[in-house]
*Asks:* 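There's a structure below that I have some questions on.
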Amino acid sequence: MAGISRPRGTDDLLPERLQAMEHARQLGTAIAASYGYRPLETPIFEATELFVRGVGDTTDVVTREMYTFEDRAGRSLTLRPEGTAPVVRAFWESDLRQAPLPARLSYWGPMFRYDRPGRGRYRQFHQFGVEVLGESEPELDAEVIAVAWRWLLELGLGGTSLQLNSIGDATCRPQFREALLDHFGPHLAQLPDLDRERLRRNPLRILDSKDPDVAGLLEAAPKTTDFLCDGCHEAFLRVQEALVAYGIHFQLNPLLVRGLDYYQRTAFEVWHEDLHGAQNSLFGGGRYDGLSEELGYPHCPGVGFAAGLERVTMLAPPPGPAPLPLVWALAAQPEAAATVIRLSEQLRGAGLAAVVDAGRRSLKAKMRSAERGGASLVCIVGAEELSQGLVTIRLLGDGSQVSEPLRTAVDRARALLFQSS
RNA sequence: GUGGCUAUAGCUCAGUUGGUUAGAGUGCCAGGUUGUGGCCCUGGAGGUCGAGGGUUCAAGUCCCUCUAGCCACCCCA
């Protein structure tokens, strides 16, 4: 088709899909609120530096996926690729930190990453997430997961599994990295190029390898959890105990690592059986106690998750139709146009949703449109009704039909709708 | 960013070894019912065959480039 088409990797949220996404988002916000989380929104663009320092300057997100531009004053700005660093920034720039800690926050909005589009993967996508700032108690890690899990349940989304790991912190992770290097070092020659590069740049990432030749080596590789320092070990146990208390099943996954630099200790993802390859992640999250300092603020522990709304709504059963029953007001002849327009306004004033068709098409065509358009009831005014001051009211469900004086037609329509539903 | 598959009506898709005015279903508009939806019947509109170039007497069909989507990697939501 000729004309201008939308940019690669973007999608129009047509009514049906938008309704599903709004539903998921509102449900998420409401569930988070029931755990004491208050919603906030941050700008869609931020100083580039926020992500370079927060997400990590060696990560894929920063090195090749950011939409970065200069504004007219020469500032480097970036369309946000994720939501956590902006929330931490907003926390410090506001009075949120004056309220009792921890601060429990939820957010929603579009995110932008310049990577190759595919099913459930967009360059502009939407995330819903929560963050808990200002306290490092491991029970909070479990709480965040509980919010996510309850959300999934209420969305009716089955086929999911919770993957849980601890990737240690600044005191124990270096030792684990050494152990990994020692383990794979002797076999460098037989590793695929990609994995050799991973080992060089970010050794933990080799645990992500899906190369069958590496499977054996991975099997015997050191586990993150064997190297946890006392603090991390105890914290990990408390997270698991709290999850049991919440009644949430989890799968310990020693191969789970996260792509963004700021995570430490708890890392988790929710996977779905219908999503394949490396796109199976519905949610991702974890603890990021070092992020605040990376950004140049005082120490401030935090934990949170983010979920991709496109992926969630792709897999969850669609929400029911709009609850408001529709009334269509139809003119049977041109001379009734003004009357049906006035009538439709009165219907709306009475709290009903009304569509008016005062055009010149045949009544048959208008009835057909009303039926296809989801009308529960139609009000017909033509020459006959005009001369007697009446409105013909027809219920589309059973085809029953009554004549009602124009003055009381709105009340009668409401009563009939109420009875029939 | 790498490799592969795909692109025909609003939507889902046919289209023979290259060969006349490119089809179906569905949706849309209208008629059958001088004012009444669903079921049925009839008719109509709607296509630069993703874009550009090339081969050929002749291209929806073969070749090249680009664009977009999908799949597997990379990586993430």
Side-chain angles (χ1 to χ4, degrees), chain A residues 1-11 14 24 55 58-65 80-84 108-129 148 192-195 197-198 201-202 205 208-211 257-260 263 269-272 275-285 305-315 328 330-336 357 360-386 392-401:
Chain A
M1 207 182 311
I4 299 168
S5 50
R6 61 179 181 266
R8 179 167 158 88
T10 63
D11 208 4
L14 301 179
V55 177
T58 63
T59 59
D60 279 9
V61 168
V62 167
T63 55
R64 61 178 212 204
E65 294 180 1
R80 61 180 178 197
E82 62 100 37
T84 300
W108 168 89
M111 305 290 162
F112 304 84
R113 290 185 199 171
Y114 189 93
D115 59 356
R116 194 147 174 169
R119 176 176 147 87
R121 165 179 291 181
Y122 299 91
R123 289 183 172 179
Q124 176 180 337
F125 59 103
H126 297 78
Q127 285 188 337
F128 171 78
D193 293 346
L194 175 65
D195 286 330
E197 180 63 15
R198 276 168 160 156
R201 301 188 56 152
N202 188 350
R205 294 234 66 93
D208 262 346
S209 181
K210 289 164 194 73
D211 194 301
V257 291
R258 313 289 348 270
L260 313 187
Y263 287 108
E269 290 186 3
V270 173
W271 290 356
H272 193 278
L275 291 176
H276 300 293
Q279 254 164 263
N280 61 354
S281 182
L282 225 49
F283 290 62
F305 77 81
L309 285 179
E310 280 80 2
R311 290 183 188 175
V312 166
T313 53
M314 186 169 76
L315 299 163
W328 283 51
L330 310 180
Q333 273 97 32
E335 54 265 42
D357 191 340
R360 302 288 165 97
R361 293 193 308 158
S362 70
L363 184 60
K364 175 177 176 163
K366 291 172 181 175
M367 286 293 293
R368 199 169 140 88
S369 293
E371 196 265 329
R372 305 255 171 168
S376 308
L377 179 150
V378 295
C379 294
I380 301 165
V381 181
E384 244 173 72
E385 287 85 352
L386 275 182
T392 297
I393 300 177
R394 183 180 177 89
L395 276 166
L396 288 192
D398 58 9
S400 64
Q401 189 165 304

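Below, each value reflects all heavy atoms present in this structure, side chains not excepted, and no hydrogens, waters or symmetry copies. Labels below follow one simple rule: chain letters A, B, ... track the order of the sequence lines, proteins then strands, and each chain is numbered from 1.
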*Asks:* B/U12 and B/A59: how far apart are their P atoms, nearest whole angstrom?
*Replies:*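 Roughly 29 Å separates the two P atoms.
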
*Asks:* Please state the C1' separation for the pair B/A9 and B/G44 - nearest whole angstrom.
*Replies:*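 Approximately 14 Å lies between the C1' atom of B/A9 and that of B/G44.
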
*Asks:* Looking at A/Arg368, does any N or O in its side chain come under 4.0 Å of the phosphate oxygens OP1/OP2 on B/U36?
*Replies:*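 So the side chain of A/Arg368 is outside the cut-off, no N or O lying under 4.0 Å from OP1 or OP2 of B/U36.
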
*Asks:* Touch check for A/Ser5, heavy atoms < 4.0 angstrom, all strands: base, sugar-phosphate only, or nothing?
*Replies:* nothing

*Asks:* Does A/Arg361 have a side-chain nitrogen or oxygen under 4.0 Å from the phosphate oxygens OP1 or OP2 of B/C29?
*Replies:*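 Yes, within the criterion.
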
*Asks:* Between A/Arg8 and A/Arg116, is there a side-chain heavy-atom distance shorter than 4.5 Å?
*Replies:*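 Contact flag for A/Arg116/A/Arg8 side chains = yes.
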
*Asks:* Determine the Euclidean distance between corresponding C1' atoms of B/C64 and B/G23; express it in Å to zero decimal places.
*Replies:*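 Roughly 30 Å separates the two C1' atoms.
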
*Asks:* Rounding to an integer number of angstrom, what distance separates B/A24 and B/C49 when you compare their C1' atoms?
*Replies:* 16 Å

*Asks:* Base, sugar-phosphate alone, or nothing: which one does A/Glu310 contact when heavy atoms must sit under 4.0 Å apart?
*Replies:* nothing

*Asks:* Rounded to whole angstrom units, what separation is found between the CD1 atom of A/Ile393 and the C1' atom of B/G37?
*Replies:* 17 Å

*Asks:* Separation of A/Phe112 atom CZ from B/A77 atom P, in whole Å?
*Replies:*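 Rounded to the whole Å, the gap is 16 Å.
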
*Asks:* What integer distance in Å separates A/Leu14:CG from B/G10:C1'?
*Replies:*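 In whole Å, B/G10 C1' lies 12 Å from A/Leu14 CG.
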
*Asks:* Looking at B/G32, does its base get a donor-acceptor pair with the side chain of A/Lys364 below 3.5 Å?
*Replies:*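 Result: at least one qualifying N/O pair found.
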
*Asks:* Determine which nucleotide pairs with B/G1, using a 3.5 Å limit on both distances of a Watson-Crick or G-U wobble pair.
*Replies:* B/C73

*Asks:* Does A/Arg6 have a side-chain nitrogen or oxygen under 4.0 Å from the phosphate oxygens OP1 or OP2 of B/A68?
*Replies:* no

*Asks:* Give one of base, sugar-phosphate or nothing for A/Glu384, where a contact means two heavy atoms less than 4.0 Å apart.
*Replies:* base

*Asks:* Under a 3.5 Å cut-off for both distances, is B/G10 Watson-Crick or wobble paired, and to whom?
*Replies:*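 The answer is B/U26, by the H-bond criterion.
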
*Asks:* For a 4.5 angstrom cut-off between non-hydrogen side-chain atoms, does A/Met314 reach A/Arg119?
*Replies:* yes

*Asks:* Round to the nearest Å and state the distance from A/Arg123 atom CZ to B/U67 atom P.
*Replies:*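 These atoms are roughly 11 Å apart.
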
*Asks:* Does the side chain of A/Glu385 pick up a donor-acceptor pair with the side chain of A/Thr392 at under 3.5 Å?
*Replies:* yes

*Asks:* Does A/Tyr122 reach a base, just sugar-phosphate, or nothing at all? Heavy atoms under 4.0 Å.
*Replies:* base

*Asks:* To the side chain of A/Glu371, which of B/G69, B/G37, B/G35 is closest?
*Replies:*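 Ranking B/G69, B/G37, B/G35 by closest atom to the A/Glu371 side chain puts B/G37 first.
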
*Asks:* When the distance from CG of A/Leu330 to P of B/G35 is rounded to whole Å, what number comes out?
*Replies:*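 After rounding, the reported distance stands at 14 Å.
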
*Asks:* Between A/His126 and A/Trp108, what is the ring plane arrangement, given parallel below 30°, perpendicular above 60°, and tilted in between?
*Replies:* parallel

*Asks:* Which residue, A/Gly399 or A/Arg372, contacts RNA chain B at a nucleotide closer to its 5' end, judged by nearest heavy atom?
*Replies:* A/Arg372

*Asks:* Nearest-Å distance, CZ (A/Arg8) to C1' (B/G1)?
*Replies:*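 One finds 11 Å between C1' of B/G1 and CZ of A/Arg8, rounded.
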
*Asks:* With the criterion set at under 5.5 Å between ring centres and under 30 degrees between planes, would B/A77 be stacked on A/Phe125?
*Replies:* yes

*Asks:* Is the closest side-chain heavy-atom distance between A/Arg198 and A/Asp208 below 4.5 Å?
*Replies:*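 Sidechains of A/Asp208 and A/Arg198: in contact.
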
*Asks:* Taking B/U48 as the reference, what is the distance to B/G60 when you measure between their C1' atoms (whole Å, please)?
*Replies:* 13 Å

*Asks:* Under 4.0 Å, counting only non-hydrogen atoms across every strand here, what does A/Glu385 touch: a base, just sugar-phosphate, or nothing?
*Replies:* base

*Asks:* Counting heavy atoms from C-beta on, name the nucleotide in B/A30, B/G37, B/C74 closest to the side chain of A/Arg198.
*Replies:* B/C74

*Asks:* Is A/Met367 close to A/Ser362 at the side-chain level, that is, under 4.5 Å between some pair of heavy atoms?
*Replies:* no

*Asks:* Determine whether any donor atom in the side chain of A/Arg116 lies under 3.5 Å from an acceptor atom in the base of B/G3, or the reverse, and answer yes or no.
*Replies:* yes

*Asks:* Would you say a side-chain N or O of A/Arg258 is under 4.0 Å from OP1 or OP2 of B/A77?
*Replies:*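 It does, given that an N or O in the side chain of A/Arg258 lies less than 4.0 Å from OP1 or OP2 of B/A77.
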
*Asks:* Which whole-number value in Å describes the distance from A/Asp195 CG to B/C74 P?
*Replies:*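 Rounding to the nearest Å, CG of A/Asp195 and P of B/C74 are 8 Å apart.
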
*Asks:* Select one nucleotide: of B/A77, B/C74, B/C29, the one nearest the side-chain heavy atoms of A/Asp60.
*Replies:*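 Nearest nucleotide to the side chain: B/C74.
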
*Asks:* What integer distance in Å separates A/Met111:CE from B/A77:C1'?
*Replies:* 10 Å

*Asks:* If each of A/Gly284 and A/Gln401 is mapped to the nucleotide of RNA chain B with the nearest heavy atom, which maps nearer the 5' terminus, i.e. the 5' end?
*Replies:*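 Taking each residue's closest nucleotide, the earlier one in sequence belongs to A/Gln401.
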
*Asks:* For atom C1', what is the distance between B/A30 and B/C66, given to the nearest Å?
*Replies:*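 That atom pair is separated by 43 Å.
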
*Asks:* Report which part of the nucleic acid A/Ala383 touches: base, sugar-phosphate, or nothing (heavy-atom distance under 4.0 Å, all strands).
*Replies:*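 Base contact.
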
*Asks:* Do the non-hydrogen side-chain atoms of A/Arg121 and A/Arg311 ever get within less than 4.5 Å of each other?
*Replies:* yes

*Asks:* What nucleic acid atoms does A/Gly397 come within less than 4.0 Å of, heavy atoms only: base, sugar-phosphate, or nothing?
*Replies:* base

*Asks:* When rounded to the nearest Å, what value does the distance between C1' atoms of B/G15 and B/U20 take?
*Replies:* 15 Å

*Asks:* Base, sugar-phosphate alone, or nothing: which one does A/Arg64 contact when heavy atoms must sit under 4.0 Å apart?
*Replies:*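 It contacts base atoms.
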
*Asks:* By the 4.0 Å heavy-atom rule, please label A/Leu194 as base, sugar-phosphate, or nothing.
*Replies:* sugar-phosphate

*Asks:* What does A/Arg394 touch in the nucleic acid at a heavy-atom separation under 4.0 angstrom: a base, only the sugar-phosphate, or nothing?
*Replies:*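 Here A/Arg394 touches the bases of the nucleic acid.
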
*Asks:* Is the number of heavy atoms from other residues, nucleotides or ligands under 6.0 Å of A/Arg201 CZ greater than 12?
*Replies:* no

*Asks:* Considering only atom C1', compute the distance from B/U61 to B/G1 and round it to an integer number of Å.
*Replies:*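 My reading of the C1' atoms in B/U61 and B/G1 gives 33 Å.
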
